[in-house]
Every structure is written in C-alpha cells, then in structure tokens.
Amino acid sequence: MVRENLEEVNNRILAACKRAGRNPEEVTLIAVSKTKPAVMISEAYSAGARDFGENKVQELCEKHLALPEDIRWHMIGHLQRNKVKQVIDKTVLIHSVDSIRLAEQIEEEAARKNLIVDILLEVNVAEEESKYGFKLGETESALRRIASLPHVKIKGLMTIAPFVEKSEENRPVFKKLRQFYVDMQSKNVDNVSMNMLSMGMTGDYEIAIEEGATLVRVGTGIFGTRYYMNT
Ligand SMILES: *Cc1c(COP(=O)(O)O)cnc(C)c1O
C-alpha cells in the first residue's frame, strides 16, 4: 500500500513539474509519518523515501532512535521552546519557526551544542486565527532579526494553506508566498539563503508545485488516514 501510494505521489509530482516547466530535482517529497508506526515508515524507506516529517518532538525522537540513520527528519509542527534542546540535533530542518523567541531559543541551544540549525520561517499567509506563523507583513523584520543569530540559518519559508473544498482555492495563497520569497531572495540578507519553499500537503501539493514549492509535505496521500486516540 505505502509503496504504491508513494509511487503515485511521485508520479503526480513529476506531472506537476512538467506542467510548470520545472526540473523535478528542485522538488523534495517529505513523507509525513506523524502517528504512523515504524513498520510503515520502513516500508516507505524500502521504497526509497528518505525525508520524513513529524510534528511532535517526542515522536520524532523515538523514531529517530529506532529507524535507519540516513533518514532525514523534518520537524514540521509547532515547537515549544522547552523542547528545542531535544530536537535540534535530530532534524535536518525545522519548518515551523513561528516566533523570534523560538529562534532565540534555538540559537542558545545550538550555540551550546556547537551546531548550526537550518530553519524555515512559518508564514500564516491567510492570517487564520487557528494557525501559527508570522503574518506576511511582519515576516521581513522577523527574518532580519533572526538572520543576525549566528547558529541559526534561515533557508526559506513554509506555510500551511487553509483547509478548503477545492485545492484550486489555495493557489493565491501559494502565489503570494512565492512572490514574497522571490522578493526576499532579491534582498540578499546576510546569513540567509532563501532557497526552500515548503508548501503543499496531500490536498494541494500539485498546485503548490505549480506555484514554486521546493518541499511538499504529504502524509495521508502516502500513509492513509490518521486516527487519533482520545487523550
Ligand atoms: C500533518 C501535516 C502535513 C500532512 O498532511 P496531509 O494532509 O496528511 O498530507 C503537512 N504539513 C504539516 C505541517 C502537517 O502537520
């Protein structure tokens, strides 16, 4: 199942790249494995997947310990400052930096461990109350502040688009973030390499690719529906 789904998603990524005239090598698929057991991750791994996304620190740490070392773990969920310490040396990229305070905490822990931590700034493009992230209007000043932190390296931007009936409705959201991304690239801020744009999930990754995404985060489309226990 996982293998077939992964193949299907990869084919759709190729098709979206073709439509958009993009090189498929510019797009990385992150298999979002949150709530899913190691056995399913292993199946995706056997089928060639190496980039996996998790949204909870504890779950990421457990899976990091249990699964092959060459997996690239992406932290994609809201990160509490008191958990930064546990996760910074287990993830290749934190997609969800949503405040200056969080970035400063990452700086502090990264300096202690003598690491440079790659991050994306999460932008709440649609300004939804329920979502984390910087508003577009405040992102540039936050980016400049965070860029001054020597152990934190901004690599780009991330957004979670609204939940919509038809994925096409999110095209303007992706377009807007992409425009801002290109604008930031042209400003060439010191200590920032603006070359990653993380946008698109199961419902809308093809549109996100057409609009310039370089990282897509697909969970359900690979691993099936998630069931949450009542806690
Ligand atoms: C869960 C999650 C995804 C994957 O969602 P699907 O709709 O299952 O593909 C992507 N990004 C973030 C930040 C998530 O939390």
Side-chain angles (χ1 to χ4, degrees), residues 1-13 16 27-37 40-41 43-44 47 49-61 63 71-80 83 87 91-99 102 118-134 139 155-171 173-174 177-178 196-229 231:
M1 230 284 266
V2 169
R3 176 178 289 270
E4 287 78 8
N5 289 346
L6 197 57
E7 196 178 309
E8 166 81 15
V9 171
N10 274 317
N11 286 335
R12 284 174 180 266
I13 290 173
V27 179
T28 300
L29 170 61
I30 300 171
V32 176
S33 48
K34 64 193 188 196
T35 80
K36 298 297 180 184
M40 288 180 91
I41 299 176
E43 194 180 342
R50 289 296 178 274
D51 290 89
F52 290 86
E54 291 286 337
N55 69 339
K56 295 250 171 5
V57 168
Q58 190 184 340
E59 193 174 339
L60 190 151
C61 291
K63 289 174 174 172
I71 286 182
R72 294 184 289 271
W73 294 102
H74 295 254
M75 177 61 192
I76 63 172
H78 176 63
L79 178 57
Q80 288 170 294
K83 297 193 175 157
V87 84
T91 176
V92 293
L93 184 65
I94 301 174
H95 293 229
S96 43
V97 174
D98 53 14
S99 72
L102 173 61
D118 289 344
I119 66 159
L120 305 179
L121 301 186
E122 180 170 354
V123 184
N124 185 359
V125 178
E127 301 196 4
E128 293 177 280
E129 285 293 338
S130 59
K131 292 215 168 87
Y132 292 103
F134 298 100
T139 307
K155 294 283 194 173
L157 306 171
M158 177 272 227
T159 196
I160 305 174
F163 181 78
V164 290
E165 288 284 313
K166 289 186 61 200
S167 53
E168 196 57 43
E169 293 170 43
N170 276 332
R171 190 181 294 277
V173 170
F174 298 140
L177 190 63
R178 154 85 184 186
M196 294 183 180
L197 192 52
S198 172
M199 55 186 198
M201 311 179 11
T202 296
D204 53 22
Y205 67 92
E206 293 159 273
I207 291 177
I209 290 170
E210 289 170 12
E211 297 304 329
T214 72
L215 297 159
V216 292
R217 313 175 307 265
V218 179
T220 314
I222 295 171
F223 297 107
T225 309
R226 286 179 293 274
Y227 300 97
Y228 291 93
M229 300 290 186
T231 48

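Whatever order the structure lists ligands and atoms in, that order sets their numbers, starting from 1.
Put simply, the side chain of Asn5 never gets that close to the backbone of Phe223: no donor and acceptor are under 3.5 Å apart. A donor-acceptor pair under 3.5 Å is formed between the side chain of Thr214 and the backbone N or O of Leu197.
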Identify all pairs of nitrogen or oxygen atoms, one from ligand 1 and one from the protein, separated by less than 3.5 Å, and list them with distances.
residue	atom	partner	partner atom	Å
ligand 1	8 (O)	Thr220	N	2.8
ligand 1	8 (O)	Thr220	OG1	2.5
ligand 1	8 (O)	Arg226	NH1	2.8
ligand 1	8 (O)	Arg226	NH2	3.1
ligand 1	9 (O)	Thr202	N	3.0
ligand 1	9 (O)	Thr202	OG1	2.4
ligand 1	9 (O)	Gly219	N	2.8
ligand 1	11 (N)	Arg217	NE	2.8
ligand 1	15 (O)	Lys34	NZ	2.6

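Listed by chain and number, the residues in a side-chain hydrogen bond (donor to acceptor under 3.5 Å, both in side chains) with Glu206 are Arg12 (sequence neighbours excluded).
Minimum interatomic distance between Met199 and Ala213 (heavy atoms only, all atoms of both residues): O-CB, 3.4 Å.
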Check the pair Leu29 / Ile222 against side chain to side chain contact (heavy atoms under 4.5 Å, CB included), numbers first and verdict last.
CA-CA 11 Å; Leu29 170 61; Ile222 295 171; 4.1 Å; yes
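A salt bridge does not link Lys56 with Glu59: none of the charged nitrogens is closer than 4.0 Å to a carboxylate oxygen.
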